Amino acid sequence: MSVDDSDRGHAIRTGGQGTRESGPKVLVAGASIAGPALAHWLRRRGAEVTVVERAPELRPGGQAVDARGVAKEVIGRMGLDAAVRAACTDTAGAHTVDADGQVLETFRADDDGGDGFIADIEILRGDLSKVLYDDTRDSVEYVFGDRIAGLAQDADGVDVVFAGGDRRRFDLVVGADGLHSELRAMPSGRMSGSSATSGTCWPSTVCPTSSGWTAGCWSTRIRRPGAPLSYGPSRTPTGRWPCSTSPRLTSTSTTATSRPRRSCCGSGWRAWAG
């Protein structure tokens, strides 16, 4: 949800009650994954942390996030291994098949100690966000339905103006709200030029489960070079798995992202991919 002048007064504050100690005051923008994860570590180091999120509540949705190597070590050091694993997709492996359904290659979640092509920790973006939020909500102030509208920095800190009308001062402000956030443009007056399109996209949607597919396994069907279709498990309602495809953009992103919904969910997996 975007917060403009008409939305003022509707920000929701949660958490952080009775848990503050004397320490640097840090404002973090974004309550998806990076923001709450940073808030966890800052709070452990004694900071007073506020996380502002322009959406009115935690945003669900998103597809798989794999944890490998150092990411698993960090999850363990945060004390969240059990919580993250409890929310995982329970993906057991993956197959690559041709247009006729013949298996070309098989991957297991325990390959390479769980750090292979299919990670043994695979969790949906929204589920990981909730784990991190639940971990920090009692010791961190969360402000939903608001955003940073202006910054003024001096030698001792940062004065922040919120879209909802509040004005507060912090020792540090951190942008954890995405590659194209307005906040990151505020200090320099321009957006970062570090991202560029590759001419492809990977939209995802939820499709009814097809019979004959092994539960807990992703399958990627190769219809033609550059146009695979993947089908796999998630913690969506029983009998529904997410499917995604990576078509090359031909006109607009709307056309590309609407294609798998019509094809996969309308015509069925085999009809679309075969």
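Both backbone and side-chain heavy atoms feed into the values below; hydrogens, waters and symmetry mates do not. Computed from a predicted model, the values in this text were never measured in an experiment.
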Is [Y] close to [X] at the side-chain level, that is, under 4.5 Å between some pair of heavy atoms?
X: Asp177; Y: Arg147; value: no
X: Asp112; Y: Phe107; value: no
X: Val143; Y: Val51; value: no
X: Val28; Y: Leu42; value: yes

If I take atom [atom1] from residue [X] and atom [atom2] from residue [Y], how far apart are they, to the nearest 0.5 angstrom?
X: Leu58; Y: Asp127; atom1: CG; atom2: CG; result: 11.0 Å
X: Arg168; Y: Phe162; atom1: CZ; atom2: CZ; result: 5.5 Å
X: Leu27; Y: Glu48; atom1: CG; atom2: CD; result: 12.5 Å
X: Arg44; Y: Thr136; atom1: CZ; atom2: OG1; result: 12.5 Å

For [X], what residues pass the side-chain hydrogen bond (donor to acceptor under 3.5 Å, both in side chains) criterion, not counting sequence neighbours?
X: Asp111; answer: none
X: Asp166; answer: Arg13
X: Arg169; answer: Asp154, Asp159
X: Asp171; answer: none

My understanding is that only residues two or more places apart in sequence, or in another chain, count here; which of them pass salt bridge (charged side-chain N to carboxylate O under 4.0 Å, His left out) with [X]?
X: Asp120; answer: Lys72, Arg85
X: Arg68; answer: Asp66
X: Glu57; answer: none

> With distance as the sole test, does Gln153 use its side chain to make a donor-acceptor pair with the main-chain N or O of Val158 at under 3.5 Å?
Replying inline: no
>> With a 3.5 Å distance limit and no angle check, can you tell me whether Arg43 reaches the backbone of Ser139 through a side-chain donor-acceptor pair?
In response: yes
> Which residues satisfy the ring pair (Phe, Tyr, Trp, His ring centres under 6.0 Å) test with Phe170, sequence neighbours excluded?
Replying inline: none
>> So which atom in Val140 and which in Ala39 form the shortest heavy-atom distance, rounded to 0.1 Å?
In response: CG2-CB, 4.0 Å
> If you link I, L, V, M, F, W and Y whenever their side-chain heavy atoms are under 4.5 Å apart, who else ends up in the same group as Val74?
Replying inline: Ile33, Trp41, Val65, Val70, Ile75, Met78, Leu80, Val84, Ile121, Ile123, Leu128, Val131, Leu132
>> What I want to check is whether the side chains of Thr50 and Tyr142 have a donor and an acceptor closer together than 3.5 Å.
In response: no
>> Test of understanding: with side chain to side chain contact (heavy atoms under 4.5 Å, CB included), list the residues that count as partners of Ala34, not counting sequence neighbours.
In response: Ala176
> For Asp110, which residues count as a side chain to side chain contact (heavy atoms under 4.5 Å, CB included) partner, sequence neighbours excluded?
Replying inline: Arg108
>> Side-chain heavy atoms nearer than 4.5 Å, only ILVMFWY residues, links allowed to pass through others: does that put Ile148 and Val161 together?
In response: no
> Pairs in or reaching into residues 26-38: which pass side-chain hydrogen bond (donor to acceptor under 3.5 Å, both in side chains), with residues at least two apart or in two chains?
Replying inline: Ser32-Arg125
